[in-house]
Every structure is written in structure tokens, then in C-alpha cells.
Amino acid sequence: MNLKNIIRSLLIFLKLDLTKNLEYDRLTRKILKRVVKPGTNCIDVGCHKGEILDLMLKFSPSGKHYAFEPIPYLHENLQKNYAGKAVIFSYALSDKNGKTTFQLVKNAPAYSGINKRKYNIAHPEIKEIEVEMRALDKLIPQEVPIGLIKIDVEGGEYGVLKGAEKLLRRDKPVVIFEFGMGASDYYGTQPDELYDFINSKAGLKIYTLKGYLNGSNALTSDGFENCFNTNSEYYFIATRS
């Protein structure tokens, strides 16, 4: 673990939410500790360096875990570090199968995604690469019930969810996902259509991370849209209750 990650872990442990992202990291860890039980099968979409996958393995060492990371060098590292522990795919996920261009942000890889988006750095170095694209419903065996999915794909989450409609209907997993202005709008996704899909097609209710942990009511369609339009919240959890 490098110095940056050590400092980040210390800030999360001390509950020092210096940024919104640090708060979301802390709350996500708290949610995983609550909902991932021994034997829970999990999916990490946008696995990056494996921070969330580590928690999935920690809380459910006997579970079947799947991780997706299309950036070649990150995928290679995951293959080395998690061999025998998780199934690692190099695919970008959406609701279609085929090839797609992918925007690799070399100096800020966490911003990388299928489409260009708003980048909160001064001079993003973007290299367009080609990657394989798949739908989750074509990859996850029906006999493996999924308990949790984490989605961090810099705006392309609606495509990921549509490509997992059968899985969502069947298993009703907890879904932790990002959806915010500056990313999701670059994919043409409107909050009302994502809200309707999660509620009507998947049968899940949407909460803010803090609201879920505090036992607050699920968001209404207007509440979810307000979070998006004001950018007051951009990480959410969808669950049966």
C-alpha cells in the first residue's frame, strides 16, 4: 500500500470526510460490512485497483466474486493479485455485446469510461482504446445468486443495469452505484428513466448512502432528480428495503 492509500485509509478510519468522495468511501465500507455476509456472491463493476473487491473478499471469503476492469494494465494487475480468489473480466459492461471505443484518462484513470465526460483535472491526457463490451446477463451463471453489485463506470451505469435486467429481477441484489451530473448526462441518461428502471424493472428502491444507513425513507422520483440536478448526492444504494 502506497503513502496516498495509507493516508486515505486513515482518514476513513477516523471518519474525517475532507471530501465527498472520502465520505462515500467510508459509507460504502460501512454498507458492505452490513449487507455482505459469509457466502454472499458479489460483482464489482469498475474494479480499478481492487479496493472494494478486497472488502467483498473480507466479508464473504467463501462467496463467488466477479470483477470487471477494461483498462488493460489494471486488469493485468487484478489477474495477478486475485488469481484463485475472484473471476476477473476485461470487459466494459453495457446492454450490448461487441467492441467499443473506451476513453482511457492516462493521468487520472478513475475518470476513464466508454464516453468522454467532464474531467475535474486541468489537463486530462486521453487515449482512446478499443475494448470488448458485454452484458452481465450473458456472463453470470443463473445458478449463482448475486447478493451485491457495485457499479462505478463514470456515467455508463444505466447501460450496465439494463444489461443485467434478468439478474436484477431474479436475485434482487443490493446495488451501490454512482449517478451524477458531469458523467451520467454525457450518456444521455435522465434521472427519471433510471429511477423508473430500478423501481419498476428491478423492483428495488433507491436511497442515499447516508439515508440507507440512518433508516430514512427511500427517495421519491422527484427527490432523486433533485439530487442529480443539484449534484448534492451522486452515490446511491438500491435495495429491496
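The residues of the chain are indexed from 1 along the displayed sequence. The basis for the numbers below is simple: all heavy atoms, side chains too, and nothing from hydrogens, waters or symmetry mates.
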Open item on the list: Atom NZ of residue position Lys172 - does it have more than 12 heavy atoms of other residues, nucleotides or ligands inside 6.0 Å?
Closed with: yes
Task: 4.5 Å side-chain heavy-atom contact, Lys201 and Leu168 - done: no
TODO: Please answer whether the main-chain N or O of Leu167 pairs with a side-chain N or O of Asp137 as donor and acceptor at a distance below 3.5 Å.
DONE: yes
Task: Lys/Arg-Asp/Glu bridge criterion (N-O < 4.0 Å) met for Lys127, Glu125 - done: no
Open item on the list: Checking side-chain polar atoms at under 3.5 Å, does Asn214 have a donor or acceptor matched by the opposite partner on Tyr207?
Closed with: no
Task: Nearest heavy atoms of Pro70 and Ala92, plus distance in Å - done: CB-N, 3.9 Å
Open item on the list: Closer than 3.5 angstrom, by distance alone: can the side chain of Tyr82 be matched with the main-chain N or O of Gly50 as a donor-acceptor pair?
Closed with: yes
Task: Heavy-atom side-chain proximity of Pro72 to Ile129 below 4.5 angstrom - done: yes
Open item on the list: As an exercise, state the distance from NZ of Lys64 to NZ of Lys85, rounded to the nearest 0.5 Å.
Closed with: 15.0 Å
TODO: Compare every heavy atom of Ser60 with every heavy atom of Gly39, then report the nearest pair and how far apart it is.
DONE: N-OG, 3.1 Å
Task: Validation row: Met56, Leu32 side chains within 4.5 angstrom (heavy atoms) - done: yes
Task: Worked check of side chain to side chain contact (heavy atoms under 4.5 Å, CB included) between Tyr212 and Leu27 - done: CA-CA 10 Å; Tyr212 170 77; Leu27 295 176; over 6 Å; no
Open item on the list: Tell me whether Phe102 shares a hydrophobic cluster with Val160, the cluster being built from Ile, Leu, Val, Met, Phe, Trp, Tyr side chains joined at under 4.5 Å.
Closed with: no
Open item on the list: Quick one, Ile52 and Ile176 - any side-chain contact, counting heavy atoms below 4.5 Å?
Closed with: no
Task: Heavy-atom pair with the smallest gap, counting every atom of Ile121 and Ala108 - done: CD1-CB, 3.7 Å
Open item on the list: Distance check, rounded to the nearest 0.5 Å: Leu93 atom CG versus Glu157 atom CD?
Closed with: 12.5 Å
Open item on the list: For Tyr235, is there any backbone N or O sitting under 3.5 Å from a side-chain donor or acceptor partner on Glu233?
Closed with: no
TODO: For the pair Thr208 (side chain) and Phe236 (backbone), establish whether a donor and an acceptor sit closer than 3.5 Å, ignoring hydrogens and angles.
DONE: no
Open item on the list: Under 3.5 Å, is there a donor on one side chain and an acceptor on the other for Asn97 and Tyr91?
Closed with: no
Open item on the list: Between Val174 and Val45, is there shared hydrophobic-cluster membership here, with clusters defined by ILVMFWY side-chain heavy atoms closer than 4.5 Å?
Closed with: no
Open item on the list: Contact between Pro141 and Tyr66 at the side-chain level, heavy atoms closer than 4.5 Å - yes or no?
Closed with: yes
Open item on the list: Please determine whether residues Ile43 and Val36 belong to a single hydrophobic cluster, defined as Ile, Leu, Val, Met, Phe, Trp and Tyr linked transitively by side-chain heavy-atom distances below 4.5 Å.
Closed with: no
- [ ] Working to the nearest 0.5 Å, report the span between CZ of Phe89 and CZ of Arg134.
- [x] 10.0 Å
Open item on the list: Tell me if a side-chain donor or acceptor on Asn81 pairs with a main-chain N or O of Asn77 at a distance below 3.5 Å.
Closed with: yes
Task: Residue from Leu148, Val35, Leu57, Leu53 passing side-chain contact (heavy atoms from CB on, under 4.5 Å) with Cys42 - done: Leu148
Task: Minimum-distance pair of heavy atoms, taken over all atoms of Leu204 and Pro173 - done: CD1-O, 3.6 Å
Open item on the list: Would you compute the distance between atom CZ of Phe224 and atom NZ of Lys205 and round it to the nearest 0.5 angstrom?
Closed with: 14.5 Å
Open item on the list: Side chains of Asp44 and Phe68, heavy atoms from C-beta outward: is any pair under 4.5 Å?
Closed with: no
TODO: Check step by step if side chain to side chain donor-acceptor pair (under 3.5 Å) holds for Ser112 and Gln103.
DONE: CA-CA 6 Å; Ser112 302; Gln103 313 304 313; over 6 Å; no
TODO: Indicate yes or no for a side-chain donor-acceptor contact from Ser200 to the backbone of Asp196 under 3.5 Å, with no hydrogens or angles considered.
DONE: yes
TODO: Let me see the working for Lys210 and Glu23 under salt bridge (charged side-chain N to carboxylate O under 4.0 Å, His left out), right down to the final yes or no.
DONE: CA-CA 9 Å; Lys210 188 179 292 184; Glu23 180 187 23; 3.0 Å; yes
Task: Test item: Thr230 side-chain N/O and Asn226 main-chain N/O as donor-acceptor pair under 3.5 Å - done: yes
TODO: For side chain to side chain contact (heavy atoms under 4.5 Å, CB included), just list the numbers for Asp95 and Glu165, CA-CA rounded to whole Å, side-chain angles, deciding distance to a tenth of an Å, and then say yes or no.
DONE: CA-CA 9 Å; Asp95 57 340; Glu165 183 176 343; over 6 Å; no
- [ ] Could you tell me whether a side-chain N or O of Tyr195 sits under 3.5 Å from a main-chain N or O of Leu219, the two making a donor and an acceptor?
- [x] yes
Open item on the list: With clusters defined by side-chain heavy atoms of hydrophobic residues (ILVMFWY) lying less than 4.5 Å apart, directly or transitively, does Leu209 cluster with Phe59?
Closed with: yes
Task: Stepwise side chain to side chain contact (heavy atoms under 4.5 Å, CB included) test for Phe179 and Phe228 - done: CA-CA 7 Å; Phe179 182 72; Phe228 180 78; 3.3 Å; yes
Task: Heavy-atom side-chain proximity of Ile126 to Leu104 below 4.5 angstrom - done: no
Open item on the list: Tell me whether Asn217 at atom CG has more than 12 heavy atoms from other residues, nucleotides or ligands lying less than 6.0 Å away.
Closed with: no
Task: Ile31 and Leu213, any side-chain heavy atoms less than 4.5 Å apart - done: yes
Task: Same cluster (ILVMFWY, side-chain, under 4.5 Å), Ile146 and Phe197 - done: yes
TODO: Please lay out, stage by stage, how Leu194 and Phe177 fare under the test side chain to side chain contact (heavy atoms under 4.5 Å, CB included).
DONE: CA-CA 11 Å; Leu194 182 62; Phe177 65 100; 4.0 Å; yes
Task: Minimal non-hydrogen separation, Arg240 against Gly203, with atom names - done: CG-O, 4.4 Å
Task: Whether Ser184 side chain and Gly180 backbone form a donor-acceptor pair below 3.5 Å - done: yes
Open item on the list: Tell me if a side-chain donor or acceptor on Asn41 pairs with a main-chain N or O of His65 at a distance below 3.5 Å.
Closed with: no
Task: Separation between CD1 of Ile88 and CG of Leu78, rounded to the nearest 0.5 Å - done: 5.0 Å
Open item on the list: So for atom CD, which belongs to Glu130, do other residues, nucleotides or ligands contribute more than 12 heavy atoms lying within a distance under 6.0 Å?
Closed with: yes
Task: Separation between CD1 of Ile114 and OG1 of Thr100, rounded to the nearest 0.5 Å - done: 4.5 Å
- [ ] Flag this pair as yes if the NZ/CZ of Lys162 is under 6.0 angstrom from the six-membered ring centre of Tyr158 and inside a 45 degree cone about the axis; otherwise no.
- [x] yes
Open item on the list: Using every non-hydrogen atom in the two residues, find where Pro109 and Ile71 come nearest and quote the distance to one decimal.
Closed with: O-CD1, 3.8 Å
